[in-house]
Amino acid sequence: MKKTLLFTFLLLLSLAVTAQHKTLKDVVSEHQLDNGMRFLLVQRDGAPMISAGWVAHVGSANERPGTTGMSHLFEHMMFKGSNTIGVQDAKLDDQLRAELDGLRAQMFELERDSRLKVRTGVAESMSDTSLQSDEMKALESKFQAVIEQQRENLIKDQFDQIYTEQGATGMNAFTNTDMTVYFIRVPKNKLELWFWMESERLSDPVFREFYSERDVVYEERRLRTESTPTGKQNEVYNSMYWRGHPYGWPVVGWPSDISAITREQAEDFFDIYYAPNNLTAVLVGDFDQAHALKLANDYFGRIPRGKKAPPEVVTLFMPLEGGFEYKAEVEAPPSATLTFHTTAYAGVDHPALMVLADVLNGKTGRLHKRMVLKDQIATSASATADSRKYDGVFEIRATGKAGVDPQQLKATLLEEVVKIQTDGISEYDLEKVRNNLTANNLRRLEDNFFLGIQLLYYDGLRDWSYMETLMDRVKLVSREDVQRVAEKYLQASDMGSKIFTRKTGGEPEDPALAEFSEQQKQMLNQLQSQLASASTEKKKEMLIELPSMREASPPEVQAVIDYLLQQQGK
Amino acid sequence: MKLIKFTLLAAAILLLAACASSPTTTTSVANDVSSTRNSLPAHPEDLIYAQHSINIPDPAAYRYQLDNGNVAYIVPDSALPLVAVSVHSRGGRYLLGTDNAGLAALTASMMRDGGTKKLSPEELDEKLVFLATSVHVAIGATSSSASMNSLSSNLDESLDLLFDVIAEPTFDEERLKIRKSRTIDAMKRRNDDTSSIESQVFNDLRFGHSYRNNPPTAVDVEAVTSKRMMGFAVEIFSSPNLVISVNGDVDPKAMVVKLNKQIARLQKGVKFPAIPTEAHSAAPGLYGVDKADVTQTRVRMFHPGPRQGHPQEFEIKVMNNILGGGGFTSRITKRIRSDEGLAYSAGSVYQLGRYFPGMYLVYFQSKNPSVPQAAKIALEEIAKIQADPVSEQELNTARQAIIAGLNERYSNAAKKVSAFVSDEIDSTPKNYWSEFENNTAAVSIAAVQKAARDHLDSDKFRILLTGKLSEASEGDGEHGSIESVTGLKLQQIPLRDPLTLKPLPLK
C-alpha cells in the first residue's frame with residue numbers, strides 16, 4: 001500500500017467523520033441534581049423506545065473478605081420491590097422479615113460451631129450431614145414456615161410485571177469488579193414510568209426473599225464456574241494473580257461468604273453505595289430534554305444524599321516478585337495465558353497498550369499469522385489491554401491444537417512480544433490499527449441501546465468522557481510508544497502464566513495416533529517437548545535435521561517423525 | 001440477572017468511541033426546574049401517558065426491483081458514515097440432504113478466508129483489515145448470507161471485495177488445510193462441557209439424522225474438496241434466489257445502480273427446490289447423558305407443535321408468555337427460580353415451525369439433586385394452565401409484552417431492513433404485522449386455556465438430562481426421583497466419539 005493512498009484514505013475518513021457527523025460530546029448533555037446524582041442525556045429523534053439505565057459506582061472491588069459477592073447479590077435484590085411494589089400488606093411483610101432475620105441470626109450462631117468443625121477437620125464441609133443438629137433442623141423448618149407465610153403476602157415479581165405490562169423490554173443488570181449497571185427499554189411515551197420505578201427502588205427498597213435469592217446466586221455460580229470446563233481453574237488463577245488485591249475474589253463471591261451475608265450488612269451497603277451521589281443515570285432516545293430533567297428532579301431529587309461518602313479502595317497491587325506459573329489439567333484443549341501488570345483505565349500508557357493489543361490481534365495480527373497460519377500450533381490467539389477502574393493487566397493467550405505442548409504456545413507468545421520489543425512496529429501496522437479503532441468506534445454508536453450501556457460502563461470506570469478522550473489519545477500514539485510500552489510492561493520475569501493441559505484420558509485420540517505403540521507414543525512426546533522448549537533457531541535446525549534422521553531410522557521411528565513433521569505443517 | 005465477565009464486555013467496549021475532545025459542561029438541574037415532589041403519583045397505575053401508536057413501516061417504500069429477478073431493500077440512514085450490505089439466499093444445507101456433512105460450514109468460512117481470483121488470501125485479509133471493512137459468510141439450514149460492513153467513504157471498494165468473495169472465491173489449498181485442521185480440533189471439544197453435549201443430543205432427539213442435524217465426522221471434513229465447495233458456493237449465491245439488504249449512509253438510487261452492476265457477476269442459476277418438511281423426532285421418553293464431574297444438570301423437555309399461520313398462533317404465543325416465555329413475570333420462571341431458588345435460568349419457548357413442525361420447550365439448569373423437584377414444578381404448571389383460567393392481569397401483561405416486540409422490530413435502520421428481508425424470504429402474509437397488534441389484543445382468557453389444552457401435552461415430552469445422572473435422577477430425597485416425577489424410565493444415551501461420532505461405551 002502506497003503512502004499517498006494511505007494518506008488520502010485517512011484524510012477522507014477524518015473529513016467524513018468531522019464534517020457531516022456529530023461527535024459524542026455534541027450529543028451527550030450532562031446534568032447533576034442537588035443530591036449529587038448525575039444524568040447523561042442523549043436525544044435521538046425517531047426511536048420508538050428509550051434506552052434507560054443507571055450505574056451504581058460499586059462492584060466486588062468494594063467488598064472485603066467475609067462479604068464477597070455482596071454487590072452481585074444486591075443486583076439480584078434490587079428487583080424485589082418496595083413497600084408499595086411486590087407486597088400486599090407491607091406491615092406484615094416487615095414483621096415477617098424481622099422474624100426471618102432473628103431465626104437466621106440463631107442459625108448463624110449454630111454455624112459458628114459447624115465452621116470450627118470444618119476448620120479443625122472434624123467435618124468435611126458446611127453441608128456435611130454430620131453437622132445437621134436437631135436444633136438446626138428445628139430452626140430450618142421454622143424458617144421455612146415463615147418463608148411460606150411471607151410468600152402468601154407477596155405479589156411475586158411485580159416490579160417486572162408492571163414494566164412488562166406497559167410494553168417495556170429487556171430489563172436486566174450486570175455486576176463486575178467496578179460497577180453495577182441496571183438497564184431497560186421503555187416506550188417513548190412512558191418515560192415517566194421509568195422515573196417512577198427506578199426512584200422507587202432507590203428510595204424505598206425492601207430486600208425481601210433475601211435468603212431464597214442466595215440459592216439463585218449459588219445456581220448462577222454452578223452454571224458459570226463449577227460446571228464449565230475451566231471455570232474453577234480460571235477463578236484460582238485470577239486469585240493467585242491478584243493476591244490480596246480486591247480483584248482477587250470472584251464477582252459472584254466465595255460460597256462461604258454468600259451464605260453468611262446478613263440483611264443488616266446489606267442495608268448498610270445500600271446506604272453507602274446506592275446513595276444518589278454514587279449513581280449516574282443515562283437516557284438515550286426520543287424525549288424532550290427539559291421534561292426529562294423536570295422528571296429527574298421530581299423523582300430522584302427527593303432521595304437524600306448519602307450520610308457517609310463511599311470509602312476509598314486503598315489496597316494497591318503487590319508486585320509478583322519473579323512471577324509464577326499456574327498449571328492445571330482441564331477438560332479443554334491445551335492453552336497458555338500470560339498476564340502482565342499495567343495500569344488502571346485511561347492510565348498514562350493505556351492508549352499505546354490498546355494499539356499494541358490490536359497489532360497482535362485479528363486475522364492479520366501477529367499472533368494469528370504466526371501461530372494459526374504459519375506454525376499451525378494454535379486454533380486461536382489473542383491479546384487484551386484489560387484496564388479497569390483500580391488497576392489493569394495486559395493479557396496474551398493462545399489455544400493449542402490437540403497434542404501441542406502449552407509450553408510451546410507460551411514460548412511462541414513470548415517470542416512475538418520480544419519481536420515488538422526489539423524491532424518495534426511499522427507505520428503500516430500503526431495506520432491499520434488506527435483505521436480499525438476509528439471505524440469500530442463509529443459502529444459502537446449505531447445502536448441506541450448499546451450507546452446507553454457504554455455510557456454507563458465508561459462512567460462506571462470513572463467518567464464517561466474518557467470514551468472520547470481516550471480515543472483522541474489513541475490517535476497520537478506513535479510507533480515508538482508501542483515499542484516502549486511493550487518493553488516497559490511485558491516483562492517475562494514478572495508475569496503470571498496459566499498453563500492448561502487436557503486431562504489425561506480426556507483427549508480424544510487422533511486416529512493416526514491410535515496405531516502407535518506405547519513406545520512410539522513416548523518417543524513422540526519426547527520429541528514434541530524438545531521442540532516446544534527449543535528456541536526458534538534451535539527448532540529450525542531440528543526440523544531441518546528430522547528428514548535426514550528419518551532416512552536413517554527404522555520404519556516405526558519413521559512413522560513418528562512423519563507424524564511430527566505433519567503436525568509442524570511441513 | 002447477568003453477571004458479565006469483565007473482560008468480555010471490556011473487549012467489546014474498548015473499540016468504542018467518537019472523535020473530538022473538550023469535556024461537556026455540567027449544568028445543575030435543581031435551580032431551573034420547579035419541584036413538585038409532593039404531587040408524585042402514589043402508584044404507577046396512576047401515571048397518565050401520551051398516546052403512542054406503533055408505527056409499522058411499509059416495506060414497499062424501501063423495496064427495489066433489481067435485474068435478474070432479485071429484490072433489494074434499502075433503508076438509508078446518514079447518522080453515521082457507515083454502510084451495511086447483505087446478500088441473502090434462500091439456499092442452505094437442505095440442498096445437500098444428509099450428504100456432504102461439513103461442506104456448508106467449510107464453504108462459508110473458506111469463502112472469506114480462501115482468497116479470490118484477484119487477491120491471495122493474505123492480500124484479501126490485509127486489504128479488508130486496512131479498510132476496516134468486515135466480510136462474513138454464513139450458510140444455514142434453510143437460508144444463507146454474505147455480509148459486508150464498511151465506512152461509506154470506501155463503499156465502492158468494499159462492495160467489490162464482497163462480490164469478489166461471493167462470485168470469485170478460490171479456496172486456497174494451504175488455507176483449506178489449516179481450516180480443516182482447526183475444524184477437526186474444534187470437534188475434539190464436543191464432549192468438554194454439558195452445554196455443548198446437551199445441544200448435540202437435543203438435536204439428535206429432535207431432528208434425527210437430517211439436513212437440520214448432520215454433524216460431520218473427521219473423515220467427512222477431510223473429504224471436502226475445493227471443487228465441491230466452489231460448486232456449492234456458486235449454487236447458493238446464484239441470482240434468482242437472492243434478496244439484498246442495505247442500510248446506512250447511502251443514496252438508494254445510486255445504490256441500486258451499484259448493486260445491479262455487482263449481481264451481473266453472479267451465476268444465473270435455477271430456483272431452488274422446496275424445503276423438505278418431514279420430521280424425525282425421537283419417541284417421547286426420558287433420556288439422560290452422563291457427565292459425572294459437574295454440580296449442575298441441564299434439562300430440556302420438549303414436544304412437537306404446530307406451524308406458523310396456525311389459526312391459534314396468537315393464543316399460543318400469549319399462553320407461552322404466561323407459562324414460561326415472559327421472563328420473571330411468567331409462571332415457570334417464578335416458581336423454579338424466584339420461589340424455590342432451584343435455577344438461575346428457567347422458562348419455556350413455543351416455537352412455531354416455518355417449514356417443519358414447531359416445538360414447545362421447557363428448559364432449566366439446577367443443582368443435581370434438585371432436578372426432579374424442578375421438573376415436577378414445570379409439569380404442575382403445565383397441568384395448571386390447562387385446568388384453570390389465567391388471570392386478567394396475566395393475560396394483559398402477556399399481550400402487552402408481545403405487542404412491545406413490534407417497537408423493537410423496527411427500532412433502527414439495521415433492524416428495519418432485516419425485518420423486511422425475513423418477511424420477503426418467508427413470504428409473510430402482507431397484513432401480518434399491521435394486524436399483529438389487533439390479533440394479539442384479541443386473545444381471550446378462554447382462548448389461552450384452549451391453546452394450552454390443544455397444544456401442550458405432558459405425555460408427549462422428550463425429557464433430556466445432561467449432567468451427573470446418578471444424583472440428578474435420584475433427587476433430594478423429598479421430592480421424588482426423576483422417574484417417579486415423570487412416570488418414565490430413564491434411558492441413558494451414550495456420548496459419541498467426537499471424531500467418528502460412534503457411540504462410546506456407557507460407564
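Naming: A, B, ... by sequence-line order, numbering from 1 per chain.
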Portion of B:Ala398 that has a non-hydrogen atom of chain A nearer than 4.5 angstrom: neither
A:Val181 portion near chain B, given a 4.5 angstrom heavy-atom threshold: neither
Option passing side chain to side chain donor-acceptor pair (under 3.5 Å) with B:Gln296 (candidates A:Glu226, A:Arg221, A:Glu219): A:Glu219
Interface moiety of B:Asp185 toward chain A, non-hydrogen atoms closer than 4.5 Å: side chain
B:Arg190, part contacting chain A, at a heavy-atom distance under 4.5 Å: neither
Straight-line distance of B:Tyr49 OH to A:Lys190 NZ, nearest 0.5 Å: 6.0 Å
Engaged part of B:Arg298 at the chain A interface, taking heavy atoms whose separation is under 4.5 Å: side chain
Spatial distance of atom OG1 (A:Thr364) from atom CG (B:Leu124) [nearest 0.5 Å]: 11.0 Å
Mutual orientation of the aromatic rings belonging to B:Phe328 and A:Phe79 [parallel < 30°, tilted 30-60°, perpendicular > 60°]: parallel
Residue B:Arg112 versus chain A: region with a heavy atom under 4.5 Å: side chain
Toward chain A, the part of B:Ser195 with a non-hydrogen atom under 4.5 Å: neither
Nearest-0.5 Å distance that lies between atom CG in B:Asn396 and atom OG1 in A:Thr164: 11.5 Å
Residue part contacting chain A, namely of B:Ile402, when any heavy atom lies under 4.5 Å: neither
Pair A:Arg502 + B:Asp192, salt bridge at N-O below 4.0 Å: yes
Interchain contact, B:Asn149 with chain A, by part (heavy-atom threshold 4.5 Å): both
Polar contact flag, side-chain donor to acceptor under 3.5 angstrom, B:Glu408-A:Thr169: yes
Ion pair B:Asp113/A:Lys363, N-O distance below 4.0 Å: yes
Residue pair A:Gln161 / B:Thr329, side-chain donor-acceptor N/O under 3.5 Å: no
Distance-only polar pair, side chains of A:Tyr163 and B:Gln400, donor-acceptor under 3.5 Å: no
Ion pair B:Arg337/A:Glu220, N-O distance below 4.0 Å: no
Plane angle bin for B:His43 and A:Trp196 - parallel if under 30°, tilted between 30 and 60°, otherwise perpendicular: tilted
